[in-house]
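One structure below.
Treat the numbers as computed from the prediction; the structure is a model and nothing was measured. All values below were derived from every heavy atom in this structure, side-chain atoms included, with hydrogens, water molecules and symmetry-related copies excluded.
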Amino acid sequence: MIKVEKIKKSFGELQVLRGIDLEVPAGKLYSIVGPSGAGKTTLLQIIGTLSQPASGKIHIDGHNISAMNERQLADFRNRQIGFVFQFHYLLPEFSALENVCIPAFIAKMPKKEAERKALEYLDFLGLSHRVHHKPGELSGGERQRVAVARALINNPSVILADEPSGNLDTKNREDLHQLFFTLRDRFKQTLVIVTHDESFAAQSDCIIRMKDGLIE
């Protein structure tokens with residue numbers, strides 16, 4: 001599903017990634033752990049096409065994204081990659097339903113179909129009674145579940161998450177973690193999650209430990 005070969009990345013004189021090789025099979029949940037500054041988020045951003053490596057190659061679901069131009073990358077990112085961040089990045093002026101629909105609208109999905117799918121995901125995530133509420137009217141756990149629904153709306157090949165439970169209390173953190181395993185088990189979703197939560201990482205299919213820009 002995901003194949004990363006000899007990825008390097010620097011910011012000025014600082015070499016953040018020093019030659020990363022990684023393969024993630026389809027339908028698996030991999031956790032990336034390591035100290036701050038290890039290069040975890042940079043690697044996730046490169047896999048998600050949000051940042052370009054200095055060298056190396058990336059294949060996702062058979063697509064060589066290293067060979068794509070900016071327009072192709074934007075389209076691939078919209079259709080094939082779902083993102084869940086520590087900060088949910090919901091648009092405050094839009095309802096939960098509208099926020100979930102945005103990636104579908106960008107992908108030119110008809111409005112009725114996008115809303116139908118968004119409602120199905122929000123119902124699956126226990127938010128059917130909150131679809132018309134704006135982010136400011138939702139709890140932290142609810143906002144993050146809306147972000148998960150948004151990540152799923154285009155049926156992506158892979159879900160990438162960067163410290164998705166970092167701002168949640170214990171109960172909401174556990175609920176979100178269980179949701180990720182449900183996505184893997186029920187929907188055969190491929191997930192790569194950067195986390196500092198060792199108990200969550202221990203339950204994943206594989207733990208990738210990073211230090212000083214390398215996989216240990």
Answer yes or no: is there a donor N or O on one side and an acceptor on the other, between the side chain of Ser10 and the main chain of Gly12, under 3.5 Å? no
Flag side-chain contact, heavy atom, 4.5 Å: Ile60 against Gln80: no
To the nearest 0.5 Å, what is the distance between CZ on Arg150 and CG on Leu122? 11.5 Å
Please answer: with hydrophobic residues joined when any side-chain heavy atoms are less than 4.5 Å apart, are Met109 and Val146 in the same cluster? no
Any side-chain to backbone donor/acceptor pair from Lys28 onto Ser204? Under 3.5 Å, distance only. no
Would you name the heavy atoms of Met1 and Ser157 that are closest together and state the gap between them? CE-O, 3.8 Å
Do you reckon Leu138 sits in the same ILVMFWY cluster as Phe94, going by side-chain contacts under 4.5 Å, direct or chained? no
Check whether any side-chain heavy atom of Leu22 lies under 4.5 Å from a side-chain heavy atom of Ile2, and answer yes or no. no
Mind checking whether Leu17 and Met210 have side chains closer than 4.5 Å, heavy atoms only? yes
Taking atom CD of Gln72 and atom NE2 of His63, what is their separation to the nearest 0.5 Å? 11.5 Å
Using a strict threshold of under 4.0 Å (side-chain N to carboxylate O), is an ion pair present between Arg71 and Asp75? no
Quickly, which of Arg143, Glu98, Lys134 forms a side-chain contact (heavy atoms from CB on, under 4.5 Å) with Leu90? Name it, please. Arg143
If you count the non-hydrogen atoms of other residues, nucleotides and ligands that lie under 6.0 Å from NE2 in His132, is the total more than 12? no
Asp205 side-chain N/O to Leu29 backbone N/O, donor-acceptor pair under 3.5 Å: yes
From Ile215 atom CD1 to Ile20 atom CD1, the distance as rounded to the nearest 0.5 Å: 4.5 Å
Would you say Asp21's side chain and Lys6's backbone share a donor-acceptor pair under 3.5 angstrom? yes
Is there a side-chain contact between Glu174 and Ser165 in this structure, where contact means two heavy atoms from C-beta onward sitting under 4.5 Å apart? no
Is it true that a side-chain atom of Lys108 and a backbone atom of Phe105 form a donor plus acceptor pair closer than 3.5 Å? no
Among all residues two or more places apart in sequence or in another chain, which pass the salt bridge (Lys or Arg N to Asp or Glu O under 4.0 Å) test with Arg116? Glu120
Determine the interplanar angle of the Phe85 and Phe83 rings, folded into 0 to 90°, and report it as parallel if under 30°, tilted if 30 to 60°, perpendicular if over 60°. parallel
Got a second to check how far Thr49's OG1 is from Asn78's CG, nearest 0.5 Å? 10.0 Å
Parallel, tilted or perpendicular: which one describes the rings of Phe187 and Phe124, with boundaries at 30° and 60°? perpendicular
Would you name the heavy atoms of Val33 and Thr195 that are closest together and state the gap between them? CG1-O, 3.5 Å
Lys117 side-chain N/O to Ile153 backbone N/O, donor-acceptor pair under 3.5 Å: yes
Return yes if some donor-acceptor pair links the side-chain N/O of Gln203 with the main-chain N/O of Ser199 below 3.5 Å, else return no. yes
Looking at Pro103, is its backbone amide N or carbonyl O close enough to the side chain of Asn154 to form a donor-acceptor pair, meaning the two atoms are under 3.5 Å apart? yes
From CA spacing to verdict: side chain to side chain contact (heavy atoms under 4.5 Å, CB included), Leu50, Arg77: CA-CA 8 Å; Leu50 295 173; Arg77 185 164 54 242; 3.6 Å; yes
So do the side chains of Gln189 and Leu152 get within less than 4.5 Å of each other, counting heavy atoms only? yes
May I ask you to test the Lys40-His196 pair for a side-chain heavy-atom distance under 4.5 Å? yes
So do the side chains of Gln144 and Asn172 get within less than 4.5 Å of each other, counting heavy atoms only? no
Atom of Ala114, atom of Ala104 and distance for their closest heavy-atom approach: CB-CB, 3.7 Å
Which heavy-atom pair separates Ile193 from Pro164 by the least distance, and what is that distance? CG2-CD, 3.9 Å
To the nearest 0.5 Å, what is the distance between OG1 (Thr42) and CD1 (Ile7)? 12.0 Å
Distance-minimising heavy-atom pair for Leu176 and Val148: CD1-CG2, 3.9 Å
Looking only at heavy atoms, the pair that brings Arg130 and Ala96 closest together is O-CB, 3.7 Å
Under the 3.5 angstrom rule, does the side chain of Lys57 hit a backbone N or O of Ser66 as a donor-acceptor pair? no
Transitively linked via ILVMFWY side-chain contacts under 4.5 Å: Tyr89 with Ile81? yes
Check the hydrophobic clustering (I, L, V, M, F, W, Y; side-chain heavy atoms under 4.5 Å; chains of links allowed) and say if Ile207 and Ile32 are grouped together. no
If you measure from the Lys or Arg side-chain nitrogens to the Asp or Glu carboxylate oxygens, is any gap between Glu198 and Arg209 under 4.0 Å? yes
Rounded to the nearest 0.5 angstrom, the CG-CG distance for Asp123 and Leu119 is 8.5 Å
Just wondering, do Val158 and Asp61 contact through their side chains at under 4.5 Å, heavy atoms? no
If hydrophobic clusters are built from ILVMFWY residues whose side chains come within less than 4.5 Å, do Leu127 and Phe180 share one? yes
Does Glu115 reach the main-chain N or O of Lys112 with its side chain, forming a donor-acceptor pair under 3.5 Å? no
